[in-house]
Amino acid sequence: MLRSRLLRAAFAFVLVCLFAGAVVPAAWPAPKVRRVSIIITGGVVVTVDADRRILSPGAIAIDGRTIVAVDRPEVIAASFRAAETLNASGMVVMPGLINTHTHAPMVMYRGLADDLALMDWLQKYIFPAEAKTVSPEFVRTGARLAALEMIGSGTTTYADMYYFEEEIARITRNAGLRGVLGETIISFPSPDAKTPSEGLARNEAFIKEFAHDELITPAVAPHSMYTLDREWLQSSRRLADRYEAPLLIHVAETQDEVETSRERHHMAPFAYLDSIGFLGPRVVAAHAVWVGDDEIPALVRSDVGISHNPESNMKLASGTAPIPKFLSAGLAVGLGTDGAASNNDLDMFEAMRQAAFLHKLQTGDPTVVGAPAAVEMATIGGARVLGLGKLIGSLEPGKRADVILVSMRGARQTPMYNPVSHLVYISKGPDVRTTIVNGRVLMRDRRVLTLDEPAVLAEARKMAERVRAAVR
Ligand SMILES: [Zn+2]
């Protein structure tokens with residue numbers, strides 16, 4: 001009787017302690033539960049970390065802007081409590097996609113002039129249309145439309161070179177996207193600068209304005225070696241060195257460019273850029289299609305990052321970049337869509353698939369640029385190209401929380417034996433359900449939270465009337 005009373009008393013004491021949240025040493029050690037902002041749980045987590053871990057199922061804990069843990073769901077559940085939990089069952093959770101080359105506002109020219117060679121397309125349509133239509137208002141409208149498309153298709157970081165880049169940067173920051181953005185410097189009068197010298201001054205002001213921005217990395221963006229003289233290319237390099245900024249440039253895109261370079265300088269484009277001291281760290285070379293085997297060691301030595309744009313290169317019949325050779329040489333290679341006028345969208349899933357297909361066809365070898373290589377180029381490879389490899393490009397503790405949830409629930413994705421294969425060979429931009437950048441949810445279950453979608457589309461349709469009138 002006494003014993004049972006004692007037991008009851010002990011039991012009651014324990015209950016009181018538990019309800020009061022008191023600590024009962026030894027027998028009931030308090031679980032160390034950390035409060036975080038977001039937990040994503042239940043999906044197949046494709047980390048793209050150094051071991052290329054895939055957790056099926058897996059979970060991620062995000063606190064503020066940072067990923068704090070990537071593990072099995074039960075481990076995350078035992079260690080963290082979140083303000084918001086996202087159920088990712090039936091989805092793949094992966095690093096946000098990184099578009100290493102585009103001209104965001106050119107979404108306003110998509111479908112305006114197709115089926116032309118690069119120089120015809122540029123000189124007869126794009127440059128004249130730009131001269132008549134590009135303004136701060138045009139750029140804002142186009143950048144909002146592009147941001148809407150990128151968030152909706154899982155792009156979380158993009159590299160951009162255009163005009164009035166400060167407008168693009170503000171839209172990018174407000175939309176919550178990460179951007180490596182540069183003012184275009186070009187030799188002829190452009191919509192925002194009459195001379196390359198003015199372009200450079202604008203570029204420097206832009207760098208100063210966004211130097212310490214959380215989301216924007218300001219870059220220097222000389223258009224190309226065929227639209228700029230040596231002194232402007234060298235000034236661009238010096239400006240980039242002064243601020244340790246990335247240098248975005250088109251290089252060796254077409255055979256025409258190589259011929260021009262050989263006529264003017266008796267050298268191929270990369271060799272010329274090397275000879276004038278332009279090549280070096282932080283160069284993001286878009287296209288790099290016409291590159292000889294003998295030029296690759298110089299690119300490795302200079303640590304040049306390559307932005308591969310398979311769709312633009314195919315559409316303009318520019319040629320096929322030697323990507324398998326770049327990859328085996330150890331160069332950083334990322335993917336880009338290029339401007340939507342030569343693509344005609346900003347869907348990085350399509351860029352992955354076309355990259356995988358193009359090199360198989362070109363080399364006659366179906367084993368080159370496999371699905372893992374395509375995913376790596378669109379994530380960690382792109383991050384390395386843009387100098388952001390320590391911050392983004394993979395899902396691992398300490399990195400910024402740039403994460404997307406991709407649905408695998410539909411008929412098209414069923415069955416799923418290999419998530420990486422599905423990401424490259426089956427998935428499309430609109431399969432992305434949720435997009436998170438820097439720990440902020442930009443799109444939840446297909447609803448974009450940072451832009452007013454109907455207003456952005458209406459504004460773009462209105463602006464398109466001006467574009468149509470200008471090219472008539
Ligand atoms: Zn381009």
Side-chain angles (χ1 to χ4, degrees), residues 34 36 38-63 65-80 86 88-98 100 154 156-157 178 303 305-306 308 323-324 326-335 348-349 352 355-356 367-406 408 416-427 432 436-439:
R34 176 175 164 185
V36 292
I38 299 175
I39 287 177
I40 304 168
T41 189
V44 176
V45 178
V46 175
T47 63
V48 203
D49 67 5
D51 301 324
R52 303 295 186 255
R53 270 192 317 158
I54 295 175
L55 299 160
S56 182
I60 301 175
I62 296 168
D63 199 21
R65 66 182 186 185
T66 310
I67 295 170
V68 292
V70 180
D71 215 318
R72 297 192 311 277
E74 63 274 19
V75 176
I76 297 292
S79 315
F80 301 96
L86 303 174
S89 58
M91 295 192 243
V92 165
V93 181
M94 72 178 297
L97 303 175
I98 298 171
T100 55
T156 53
T157 296
R178 205 179 290 286
D303 202 15
I306 305 289
H308 177 40
I323 297 302
F326 292 158
L327 289 173
S328 51
L331 280 170
V333 181
L335 290 179
M348 285 290 293
F349 286 93
M352 282 196 271
T367 68
V368 300
V369 188
V375 168
E376 284 167 21
M377 285 195 282
T379 54
I380 192 69
R384 278 180 63 204
V385 167
L386 299 179
L388 299 172
K390 289 201 172 83
L391 279 190
I392 57 171
S394 59
L395 302 179
E396 37 192 329
K399 281 203 168 178
R400 298 285 193 266
D402 291 9
V403 189
I404 60 172
L405 277 61
V406 188
M408 294 291 170
M416 181 171 78
Y417 301 112
N418 179 339
V420 173
S421 163
H422 267 29
L423 288 172
V424 175
Y425 295 122
I426 285 179
S427 299
V432 175
I436 300 170
V437 178
N438 220 36

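Start at 1 with the first residue, then count along the sequence.
Annotation: side-chain hydrogen bond (donor to acceptor under 3.5 Å, both in side chains) contacts of Ser89 (sequence neighbours excluded): Asn87. For Thr100, the side-chain hydrogen bond (donor to acceptor under 3.5 Å, both in side chains) partners two or more places apart in sequence, or in a different chain, are Ser307. Looking at residues two or more places apart in sequence or on another chain, you find no side-chain contact (heavy atoms from CB on, under 4.5 Å) involving Ser328. With sequence neighbours left out, Ala77 forms a side-chain contact (heavy atoms from CB on, under 4.5 Å) with no residue at all.
One finds the CZ atom of Phe80 at 12.0 Å from the OG1 atom of Thr41 (value rounded to the nearest 0.5 Å). Rounded to the nearest 0.5 angstrom, Ile98 CD1 and Leu335 CG are separated by 10.5 Å. Here the OG atom belonging to Ser394 is positioned 11.0 Å from the CE atom belonging to Met94, to the nearest 0.5 angstrom. Between atom CG of residue Leu86 and atom CD1 of residue Ile39 there is a gap of 10.0 Å, rounded to the nearest 0.5 Å. In this structure, CG on Asn438 lies 7.5 Å from OG1 on Thr66, to the nearest 0.5 angstrom. Interatomic distance, Ile436 CD1 to Ile38 CD1, rounded to the nearest 0.5 Å: 4.5 Å.
Looking at every heavy atom in both residues, Phe349 comes nearest to Ile404 through CZ-CD1, 4.2 Å. The minimum heavy-atom distance linking Ala355 with Val369 is given by the pair O-CG1, 3.9 Å. In terms of heavy atoms, Ala69 sits closest to Ile76 at CB-CD1, 3.7 Å. Smallest separation of non-hydrogen atoms from Leu395 and Val93: CD1-O, 3.9 Å. Between Thr379 and Gly96, the shortest heavy-atom distance links the atoms CG2-O, 4.2 Å. Closest of all the heavy-atom pairs between Ile40 and Ala88 is CG2-CB, 3.9 Å.
Between Pro95 and Ile392, the closest side-chain pair of non-hydrogen atoms is not below 4.5 Å. Here the side chains of Val420 and Arg52 are not in contact, with every heavy-atom distance at 4.5 Å or above. The shortest side-chain heavy-atom distance between Leu97 and Met352 falls under the 4.5 Å cut-off. Looking only at side-chain heavy atoms (C-beta outward), Leu327 and Glu376 stay at 4.5 Å or farther from each other.
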Under the side-chain contact (heavy atoms from CB on, under 4.5 Å) criterion, do Val406 and His422 qualify, and how do the steps go? CA-CA 10 Å; Val406 188; His422 267 29; over 6 Å; no
For a side-chain contact (heavy atoms from CB on, under 4.5 Å) check, start with the C-alpha distance between Ile323 and Met377, then their side-chain angles and the critical distance, and finish with the verdict. CA-CA 10 Å; Ile323 297 302; Met377 285 195 282; 4.0 Å; yes
N/O donor-acceptor pairs under 3.5 Å from side chains in residues 53-63, not counting sequence neighbours:
residue	atom	partner	partner atom	Å
Arg53	NE	Asp49	OD2	3.1
Asp63	OD1	Ser37	N	3.4
Asp63	OD2	Arg34	NH2	3.2

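Applying the salt bridge (Lys or Arg N to Asp or Glu O under 4.0 Å) test to pairs two or more places apart or on separate chains, those with a residue in residues 381-401 are Glu214-Arg400, Glu396-Lys399.
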